[in-house]
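What follows is a short report on a single structure.
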2 protein chains.
Amino acid sequence: MIRILIVDDEQPIANLIRMNLSRMGYACTCAYDGQAAADLVERESFDLILLDIMLPKFDGYDLLAFIRPMNIPVIFLTAKSDVNDRVKGLKLGAEDYIVKPFELVELVARIEVVLRRYNKSRTYLSILDIVIDYEGRSVLRNGEKIELTRKEFDLLVVLCQNPNTALFREQLFERIWETDYMGETRTLDSHIQRLRRKLGWQDRIKTVHKVGYRLDVPMDKMPQETKEPV
Amino acid sequence: MIRILIVDDEQPIANLIRMNLSRMGYACTCAYDGQAAADLVERESFDLILLDIMLPKFDGYDLLAFIRPMNIPVIFLTAKSDVNDRVKGLKLGAEDYIVKPFELVELVARIEVVLRRYNKSRTYLSILDIVIDYEGRSVLRNGEKIELTRKEFDLLVVLCQNPNTALFREQLFERIWETDYMGETRTLDSHIQRLRRKLGWQDRIKTVHKVGYRLDVPMDKMPQETKEPV
DNA sequence: AAAGTTGTGTCAGAAATATGACAAAAGGCT
DNA sequence: AGCCTTTTGTCATATTTCTGACACAACTTT
């Protein structure tokens, strides 16, 4: 399991990130100031650190310098588009940075790139008869690539990461559209339909009346993380 | 050949390190005080510097500041385990530090990490049907040279270093232009087009709609670092 | 059966990308 | 400096792709 430390003094933000990354299967810990982060880093071992630069006590740069020798990749979160800050951070050894506000899709993609660069893992998710390549944002079946659009891919990922779980429409809207429930339209239905068709999963993706949708997966074909896109 | 400068006023130690690193295939030079080191750095070019902090004449920190603009990675050797010292050095731009006494294995490991971080250790990258020569900034196919401009080359390198990975436009801009996402322009597209044409890679370099681009590479043709332009 | 939900095909607008031509900038050379 | 060449960015236009919406059919639940 990949362990990620999230360092941000704005607790709601840190927690939001944590919730989302947890759902993606990462083990997350939050620290709300530099001192706490430094302590955690000394005691536990992390595979990656998400670091907000503006911090009370000792700031992001100090922490970055402190972390550096441990050779743990750091992606730092920077509020505005201050170029100097970023250059400084990169010089101090950060692997990447992302400007707030950011889309979760992008954050996740970057996390995966950085992890792979560090050979921690490039993971594929194999489930049923397909393999999901997160980084490539593509889907394979018997070595054949199935082309999905962005929304379709995001939707598929959510379903596959929560197999045999009824997901409320509201939840799906939140995660994929990052917005509130769009009650009246048939948008979600349309996407589900497209997914069903492209994957031939009409009876895999079940409708849960008055709730939402559920991906049915037999016990012997539950999702597995693999290193190879088998 | 990787050139390493060893700066330490204790000559026996410097020489011990030199002998060992030489055996590992590094070209080593020793300097026994700050002045000598500064002179050497001015005259010759090094890929990495091992720097003892306690030095006569002018000390390690001064030298570090002096070296900094040259963008040569520095690992410093420190006797004490004082945290402040370390942070000071790291903030001054050192890549890493190692506390004396240290084991040679560890030193070598750290050297390699740092060199890799600086892309100094690799020379050629062969991928698909081409070979990238980093130092010559050129690309070969069947021994034929393909002329690329600077931006094209940079772009190609990023793509090749992240094969099968959907790279966000934003990321590409950051890496190649070192600037923010330039949402409005078609600059990136133009360069992608030129690359596709020059390399005949129109279907290798895939467009990932609403995300960016991805270089598709079959598993058996994944990039390999080589010392020779095979 | 009625009311409420969901499925599905189609479509149009919006957004994103491709592409060629051209202008601007950068670099070389005398 | 001036001139020429190459590189890079921009623009206009064409083309592609995505997405949400709608109408209406089909299905569930009560």
Side-chain angles (χ1 to χ4, degrees), chain A residues 103 105-106 137-139 145-156 158-159 166-216, chain B residues 137-139 145-159 166-216:
Chain A
E103 288 191 57
V105 197
E106 192 176 347
R137 297 186 67 80
S138 69
V139 173
K145 201 166 272 186
I146 300 173
E147 297 293 345
L148 296 184
T149 70
R150 184 170 160 161
K151 286 272 187 283
E152 287 163 3
F153 185 84
D154 292 346
L155 183 52
L156 176 65
V158 176
L159 290 172
L167 294 166
F168 284 85
R169 288 174 155 261
E170 291 87 339
Q171 287 181 291
L172 293 169
F173 273 111
E174 269 175 40
R175 284 214 51 191
I176 291 144
W177 279 266
E178 293 181 24
T179 176
D180 282 345
Y181 184 47
M182 307 155 71
E184 292 312 296
T185 74
R186 308 247 54 70
T187 301
L188 176 56
D189 311 54
S190 291
H191 284 278
I192 289 282
Q193 188 216 350
R194 285 168 190 147
L195 255 190
R196 281 175 171 151
R197 194 152 41 191
K198 281 197 185 177
L199 299 174
W201 277 9
Q202 9 276 3
D203 43 336
R204 287 284 181 213
I205 301 176
K206 287 263 169 53
T207 304
V208 184
H209 199 85
K210 292 201 131 199
V211 174
Y213 297 95
R214 182 186 64 216
L215 179 66
D216 276 358
Chain B
R137 295 185 66 83
S138 68
V139 173
K145 187 176 278 184
I146 300 172
E147 295 294 345
L148 295 185
T149 70
R150 188 183 154 184
K151 286 276 186 280
E152 286 164 2
F153 185 83
D154 291 346
L155 183 52
L156 177 66
V157 167
V158 175
L159 290 172
L167 294 165
F168 284 83
R169 291 177 145 256
E170 211 174 318
Q171 283 179 295
L172 293 168
F173 272 111
E174 282 165 13
R175 299 244 193 117
I176 292 146
W177 280 267
E178 295 184 4
T179 178
D180 273 351
Y181 181 50
M182 309 152 74
E184 294 309 298
T185 75
R186 308 247 54 74
T187 302
L188 176 57
D189 311 51
S190 292
H191 284 277
I192 290 280
Q193 253 51 261
R194 287 167 189 150
L195 253 190
R196 280 179 172 148
R197 197 150 37 190
K198 281 198 186 178
L199 298 173
W201 277 8
Q202 10 275 5
D203 36 77
R204 286 281 180 220
I205 302 176
K206 285 261 169 57
T207 305
V208 184
H209 201 272
K210 295 197 155 197
V211 175
Y213 296 94
R214 182 185 65 212
L215 178 66
D216 276 359

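Within every chain, numbering begins at 1; the chains are lettered A, B, ... in the order of the sequence lines, protein sequences first and strands thereafter. Since we're looking at a predicted model, the values are computed, not measured.
The interatomic distance linking B:L188 (CG) with C:dT17 (P) rounds to 9 Å, in whole Å. Between the CZ atom of B:R186 and the P atom of D:dT10 there is a distance of 11 Å, given to the nearest Å. Rounded to a whole Å, the CZ atom of B:R169 is 12 Å from the C1' atom of C:dA15. In this structure, B:L195 atom CG and D:dT7 atom P are separated by 13 Å, rounded to whole Å. Remark: P of D:dG20 and CG of A:L155 are 11 Å apart, rounded to the nearest angstrom. As rounded to whole Å, 16 Å separates atom C1' of C:dT17 from atom CD of B:Q202. The distance between atom CD of A:E152 and atom C1' of D:dG20, rounded to the nearest whole Å, is 13 Å. In this entry the distance linking CZ of A:R214 with P of C:dT6 reads 14 Å, nearest Å.
Where A:T207 and B:R196 each meet DNA chain C at their nearest nucleotide, the meeting point lying more 5' is that of A:T207. Judged by closest nucleotide on DNA chain D, B:K198 is the one of B:K210 and B:K198 placed further toward the 5' end.
A salt bridge does not link B:D189 to B:R194: none of the charged side-chain nitrogens sits closer than 4.0 Å to a carboxylate oxygen. Salt-bridge annotation for B:D216 and B:K206: present, with a side-chain N of the basic residue lying under 4.0 Å from a carboxylate O of the acidic one. Between A:E103 and A:R150 a salt bridge is recorded (basic side-chain N to carboxylate O distance below 4.0 Å).
Comparing C:dT6, D:dT19, C:dA18 by their closest approach to the side chain of A:Y213 singles out C:dT6. Checked against C:dA16, C:dT6, D:dT8, the side chain of B:H209 finds its nearest nucleotide in C:dA16. Relative to the side chain of A:T187, the nucleotides D:dA21, D:dC18, D:dG9 differ in distance, and D:dA21 lies closest. Closest approach to the B:S190 side chain among D:dT29, D:dG20, C:dT19 is made by C:dT19 (side chain taken as heavy atoms from C-beta onward). Among the nucleotides C:dG9, C:dT17, C:dT6, the one closest to any side-chain atom of A:R197 is C:dG9.
For D:dG9, its base never sits under 3.5 Å from the side chain of B:R150 at any donor and acceptor pair. A donor-acceptor contact under 3.5 Å is not formed by the side chain of A:R194 with the base of C:dG7.
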### Query
A:Y213 and A:L172: side-chain contact (heavy atoms from CB on, under 4.5 Å), yes or no, with the steps?
CA-CA 9 Å; A:Y213 297 95; A:L172 293 169; 4.2 Å; yes
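For D:dT19, neither phosphate oxygen OP1 nor OP2 lies less than 4.0 angstrom from any side-chain nitrogen or oxygen of A:W177. At least one side-chain nitrogen or oxygen of A:Q193 sits closer than 4.0 Å to the OP1 or OP2 atom of C:dG9. Contact annotation: A:H191 does not reach the phosphate of D:dT19 (side-chain N/O to OP1 or OP2, under 4.0 Å).
Residue contacts shown for A:T149 are limited to sugar-phosphate atoms, with no base heavy atom under 4.0 Å away.
Under 3.5 Å, the side chains of B:Q193 and B:R196 contain a donor-acceptor pair of N or O atoms.
Summarising the geometry of A:R137 relative to A:D154, their closest heavy-atom pair is NH2-OD1, 2.9 Å, with the distance given to 0.1 Å.
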